[in-house]
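See below for the structure under consideration.
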Amino acid sequence: MKCVNCGGALEGTMTFCPYCGVRQDIDLRQIHFRDMGTDVSQPCPSCETPLSVIEFDTTPPMRIERCGACNGMFFNPGELEALLDHQTNPLVWLDNVQLQQISSDFGFQHEVVYRKCPLCAERMGHVNFGGRSGVVLDRCGTHGVWVEGGELRRLTEWWRAGGKLIFQQNEADKTKKLFQERPKPVPPTGSIESPEPTDDWSWSRPEAAGLGAVLGALASMILD
Ligand SMILES: [Zn+2]
Ligand SMILES: [Zn+2]
Ligand SMILES: [Zn+2]
């Protein structure tokens, strides 16, 4: 890979050329998209350049906002996962070594800056995508996530290395927490064992009464 400006040799995931400092557009190299024009009402959360609308060649086609100056992208809820899936072989397996490498490479590079959502101008929060990717995104709870230049490439690598499975587990855990679900015991099938008692609280009731009696006895001893 070579710098678009000076032709200097670059490593795969460099977002800036170390020789001339020009930002490299590495995210969309393998993705087909069309530029649909600029939307002046939406400023880039990073550099305030008006965002452009681009359409990915996915099925169905997906439109997102992108900054032509810093290459950041804004995805509405669910769109980022859909794009990552589009670029990934349906057969995903976990590559723990690569996952660990991607997370640790990227985890500490993110400066803590709070940015405004391009749609509602509210301050966005930070989320570690998928719970463990190490790629920290800015997120508006209503409108979606801001992916900085270079981050989509990282996310794609993480997703392909099996991060997709971690993402799905993380989503399932969040849903579980939300509904305060408890795992239900699996009913025995074809078993001839006698059914388990459904209420194991019964034993504690006489105990509670016994405790009351002991306390009563103690109180009378002290009061005597
Ligand atoms: Zn260069
Ligand atoms: Zn920008
Ligand atoms: Zn918003």
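Every number for a ligand or one of its atoms is a count from 1 in the order of the listing. Residue indices begin at 1 and follow the sequence shown. Reckoned from all heavy atoms, side chains included, excluding hydrogens, waters and symmetry mates.
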Query raised in the report: Which of the N/O/S atoms in His143 sits closest to the Zn ion (ligand 3)?
Result: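 Atom name of the closest N, O or S in His143: ND1.
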Requested in this report: Given side-chain contact (heavy atoms from CB on, under 4.5 Å), test Phe167 with Ser133 step by step and report yes or no.
Outcome: CA-CA 9 Å; Phe167 175 88; Ser133 66; over 6 Å; no
Requested in this report: Look at the aromatic rings of Trp158 and Phe129 and report parallel, tilted or perpendicular, splitting at 30° and 60°.
Outcome: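 Rings of Trp158 and Phe129: perpendicular, over 60°.
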**Report entry** Environment of the Zn ion (ligand 2) in terms of protein N/O/S atoms, cut-off under 2.8 Å
**Finding:**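 Near the Zn ion (ligand 2), the protein supplies Cys44 SG, Cys47 SG, Cys67 SG, Cys70 SG.
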Query raised in the report: Would Ile54 and Leu155 show up in the same hydrophobic cluster when neighbours are defined by side-chain heavy atoms closer than 4.5 Å?
Result: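 Hydrophobic grouping puts Ile54 with Leu155.
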**Report entry** Minimum-distance pair of heavy atoms, taken over all atoms of Met62 and Leu83
**Finding:**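 The pair with the smallest heavy-atom distance is CE-N, 3.8 Å.
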Query raised in the report: Is a side-chain donor-acceptor pair under 3.5 Å present for Asp138 with His126?
Result: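 Side chains of His126 and Asp138: pair found under 3.5 Å.
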Query raised in the report: Is it true that Glu171 and Lys174 have a side-chain N and a carboxylate O under 4.0 angstrom from each other?
Result: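 A salt bridge links Glu171 with Lys174.
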